[in-house]
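Below is one structure, written out as structure tokens; the observations come after it.
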Amino acid sequence: MHDPWLDAAAMSVLRANDAGRWTVPSRTQYPHQWNWDSAFISLGLATFDWDRAVVEIESMLAARWREGMVPHLRYDPAHVFDYSPGPDRWPVAQTHVAEPGIATSGITNPPVLVSAAFLAGRRQTVRQRRLAFWRRAFPALCGFVEYLARDRRLPGAPLVAIVHPWESGWDNSPRWDHLRAAGLRPSRPLSRLDTEHVPVADRPTDADYAGYLALIDLLEAADYDIGGFKASSPFCVYDVLMDALWYRAACDLNEIASELGEEQPVADACLREFAAAFEEFHWDADLGLYVDWDCVSSRRISRPTAAGLAALAGGLVSGDRAREAWQLYRRMQAGALAVCTVPPTDPAFEARRYWRGPVWAHINWLVVDGMERSGLKGEAAELRRETLDLIRRSGFAEYFDPITGTACGADAFSWTAALALDLLSHELSD
Ligand code: DGY
């Protein structure tokens, strides 16, 4: 459905959050550049300002490490005191940044940025301009995909080990409750600024933050070496969504390479080996869903969350499996709106608390995309409509209460606006 109001409102959120070379997720709550935020934001920008979408991706790639990692956060020097933790929490991380003068965190995010470079790139109809962008970005995109496959590989599987809940983007999800249970304490306390603009009840708890900061201490002490870190940490996992999105990024990177006439960066044999390991480690036959794997205790984390559904966007799952997972999850949702991150039938469910239940626009975007890839076109169109309805009703919120549909977290949120634009453009072309 053509919706000029939603279109214009979404564009004005993106314009208001534009910091020049990147878009802040929210002026009040997140005043820097975040990795997968910028990826999703570029998809929305590409619907109306392709050049600005390219700048969004390139500014994130410019913050890469010498090893190829693209960090989860690039600090804006003008706002270092407006957000905690600041770069002072990650001093060793700063010694890894490729470009002097750029300050970053020491962890990463699922490599949606690579897929966004591919998807946003394809929106440019002038072939020469499209190829010029891909040509410039190609080395950094390859470096990111290779970094995850090489520096995050543990003996025994070709999957990507993550070292912090912030890497998954699902900070306080019940998937990561074993970190909270470990009761880690950081070397020094942190004054939280995240509860100044958002109600405490919508955010992770102080106990969660103690774990997040203590993991940063462990990473710094290990100089970001996965082996050294794993030996000292209770948190090291194969995140189902990270793995699915790595596979997707590798396939999209191969597509870019073929457009550029370059050799395929990720060999078919590697993709096959990765897909087999994905099935072995992530498929939970008892639940009928894809879940995470705890690399410390060597066991599956059998929590049913929307991460297993969003993982369909990786393109690794058969159509039948995808349909079963979708039907099962919707039953568990018991009437909750769109796709919520934790089903209300789970004892850990909290309707408003960040990753413990709410509906997030980017997760719904991934589910829509994954279902389309799996051939579930009707279900994908239905979910796209539900997601857009929620945004029309409650605005460009950071996330939404899945029972009442009300807005939670920060308002005027960039990826909600950006993905509304992208979802609308696909609705029109359907
Ligand atoms: C981060 O930095 O990724 C956290 O999600 C902020 O809440």
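Just follow the structure's listing: the first ligand is 1, and inside any ligand the first atom is 1. Residue numbers start at 1 and run along the sequence shown. Every heavy atom of this structure was used, including side-chain atoms; hydrogens, water molecules and symmetry mates were not.
With W22 as the aromatic partner, R74 does not meet the cation-pi criteria of under 6.0 angstrom to the ring centre and within 45 degrees of the ring axis. Both the sub-6.0 Å distance and the 45° axial angle are not jointly satisfied by R152 relative to the ring of W246. In this structure, R130 is not positioned above the aromatic face of F133 in the sense of NZ or CZ being under 6.0 Å from the six-membered ring centre and within 45° of the axis.
With W415 as the partner, the ring-ring contact (aromatic ring centres under 6.0 Å, His included) test is satisfied by one option alone out of W36, W365, W34: W36.
Ring-plane geometry between W283 and Y290 is classed as tilted, the angle between the planes lying from 30 to 60 degrees on a 0 to 90 degree scale.
Qualifying side-chain contact (heavy atoms from CB on, under 4.5 Å) partners for V55, counting only residues two or more places apart in sequence or in other chains: R21, R52.
Protein residues having a heavy atom under 4.0 Å from any atom of ligand 1 are Y30, W34, H72, Y83, W166, D171, R203, Y209, Y354, listed by chain and number.
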